[in-house]
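Written out below as structure tokens is the structure these notes cover.
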Amino acid sequence: MAPRKIIIDTDPGQDDAVAILLALASPEDLDVLGITAVAGNVPLALTQKNARIVCELAKRPDIKVFAGCDRPLRRDLVTAEHVHGKTGLDGPQMADPTMPLQDQHGIDFIIETLRSEPAGTVTLCPLGPLTNIATAFEKAPDIVDKVQEIILMGGAYFEAGNITPAAEFNIYVDPEAAEIVFKSGVPIVVMPLDVTHKALTTAPRVAAFRDLGTQVGDMVAAWTDFFERFDKEKYGSEGAPLHDPCVTAYLIKPDLFTGRHVNVEIETVSELTKGMTVADWWRVTDRPANALFMGDMDAAGFYDLLTERLARL
């Protein structure tokens, strides 16, 4: 079976970096057509730089990285340096990338790729705010029907919010963009906090990365050491969730995850619940299902896959 063609849309972020590494370590499963950066965890100048750092770490300077939108559709940018550090990849020392940033705008790359590839063969994998995807859909409505699927990290239902009491960060940063995407009619798979908070980095799991004895293993372990300090303090947990690699893991091994096809609406008006993903988990409305909303995962299997694939790099 041919590898699945994907575009990774991202705002690295240590967990985004691990998601990218997992994709690049799995060429038999995933064909990464390009990476588009978006403002989110840190501003665009850093997310596009970080995406290139990760590609070089994986020894894949051939991957094309594009800069996309530097702010949400209708709001000021909210960032998350309090979690990821001032660079977005705080922890280990990172050299500046030498591979070039592509001249083409990320939005135009998404549009051009979806128009040139056969319909239904390209999957979009947003790991951050949905600004780039929504902007591409608004600029070129003809591409919407060409998307095979959208697999995204964002939202929450049982876990509520991590940036406000009601909202998960990626959706909160650009709720208007999220609304456009969820109403697009494209098949959507959602990796919410309800799932990603079960993908915790424990001491043995981090040790397994370090024990790979590679630059990638050392880097992922160091990122995790930095990243988990925030969540341990906030939640009192034994580790931190690796949110974004759940997207890549699902593409490689979907049986690791279970969920329900439900309706998901995005709150864009209320100041109290702005950015909330209102998931009709119990199907109490007659609103049609528009997303496969994940509810559980095999965390041990997830970390086994992650460690096995990262060992290749």
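Computation of the quantities below employed the complete heavy-atom set of this structure, encompassing side-chain atoms and omitting hydrogens, waters and symmetry-equivalent molecules. These numbers were taken from a predicted model, which means no experiment stands behind them.
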Any idea which heavy atoms bring [X] and [Y] closest together, and the distance?
X    : Y    : result
A299 : K198 : CB-O, 3.2 Å
H261 : R283 : O-NH2, 3.3 Å
A67  : L101 : N-CD1, 3.8 Å
A51  : V65  : CB-CG1, 3.9 Å
A249 : L256 : CB-CD1, 4.4 Å
W223 : P92  : CD1-CD, 3.4 Å

About how many Å separate [atom2] of [Y] and [atom1] of [X], when rounded to the nearest 0.5 Å?
X    : Y    : atom1 : atom2 : result
M219 : Q93  : CE    : CD    : 9.5 Å
R74  : T131 : CZ    : OG1   : 10.5 Å
R60  : I35  : CZ    : CD1   : 9.0 Å
Q215 : L313 : CD    : CG    : 10.5 Å
E179 : E265 : CD    : CD    : 8.0 Å
L33  : T113 : CG    : OG1   : 6.5 Å

Crowded around [X] [atom1]? As in, over 12 foreign heavy atoms under 6.0 Å?
X    : atom1 : answer
D62  : CG    : yes
D142 : CG    : yes
K64  : NZ    : no
K253 : NZ    : no

What's the verdict on side chain to side chain contact (heavy atoms under 4.5 Å, CB included) for I110 and I133, showing C-alpha distance, side-chain angles and the deciding distance?
-> CA-CA 8 Å; I110 292 171; I133 309 301; 4.2 Å; yes
Report the C-alpha separation of D174 and R75 in whole Å, then their side-chain angles, then the decisive distance to 0.1 Å, and conclude whether the salt bridge (charged side-chain N to carboxylate O under 4.0 Å, His left out) test is met.
-> CA-CA 7 Å; D174 200 341; R75 300 177 187 269; 5.9 Å; no
Got [X] and [Y] here, is their nearest side-chain heavy-atom distance under 4.5 Å?
X    : Y    : value
F257 : M297 : yes
W281 : D194 : no
L193 : H243 : yes
E308 : S26  : no
D11  : P129 : yes
L242 : R205 : no
Q14  : D90  : yes
L44  : C69  : no

Residue pair D9 / T36, side-chain donor-acceptor N/O under 3.5 Å | yes
Check: T277/E168 side-chain N/O donor and acceptor closer than 3.5 Å = no
Can you tell which of L292, I171, N290 makes a side-chain contact (heavy atoms from CB on, under 4.5 Å) with V264?
-> N290
Out of V216, V54, V220, T201, which one pairs with V18 under the side-chain contact (heavy atoms from CB on, under 4.5 Å) rule?
-> V220
Donor-acceptor pair, distance only, cut-off 3.5 Å: does the side chain of [X] make one with the backbone of [Y]?
X    : Y    : value
D16  : T10  : no
Q104 : F66  : no
N50  : T87  : yes
T273 : S270 : no
T79  : E81  : no
N170 : L127 : yes

In terms of side-chain geometry, is the basic nitrogen of D29 or R309 positioned less than 4.0 Å from the acidic oxygen of its partner?
-> yes
Salt bridge or not for R52 and D96, using N-O below 4.0 Å?
-> no
Anything under 3.5 Å between a donor and an acceptor, one on a side chain of residues 143-153, the other on a protein residue two or more places apart or in another chain? List them.
unit_1	atom_1	unit_2	atom_2	d
Q148	OE1	T123	OG1	3.4
E149	OE1	R4	NH2	2.3

Check the hydrophobic clustering (I, L, V, M, F, W, Y; side-chain heavy atoms under 4.5 Å; chains of links allowed) and say if V122 and Y250 are grouped together.
-> no
State yes or no: do V190 and W282 share one hydrophobic cluster built from I, L, V, M, F, W and Y residues joined by side-chain heavy-atom distances below 4.5 Å, directly or via other members?
-> yes
Walk me through it: do F109 and Q102 pass the test side chain to side chain contact (heavy atoms under 4.5 Å, CB included)?
-> CA-CA 10 Å; F109 168 73; Q102 300 298 306; over 6 Å; no
Hey, mind stepping through T202 and Y303 against side chain to side chain contact (heavy atoms under 4.5 Å, CB included) and telling me if it holds?
-> CA-CA 10 Å; T202 61; Y303 274 95; over 6 Å; no
From CA spacing to verdict: side chain to side chain contact (heavy atoms under 4.5 Å, CB included), V38, T47 | CA-CA 7 Å; V38 68; T47 61; 5.8 Å; no
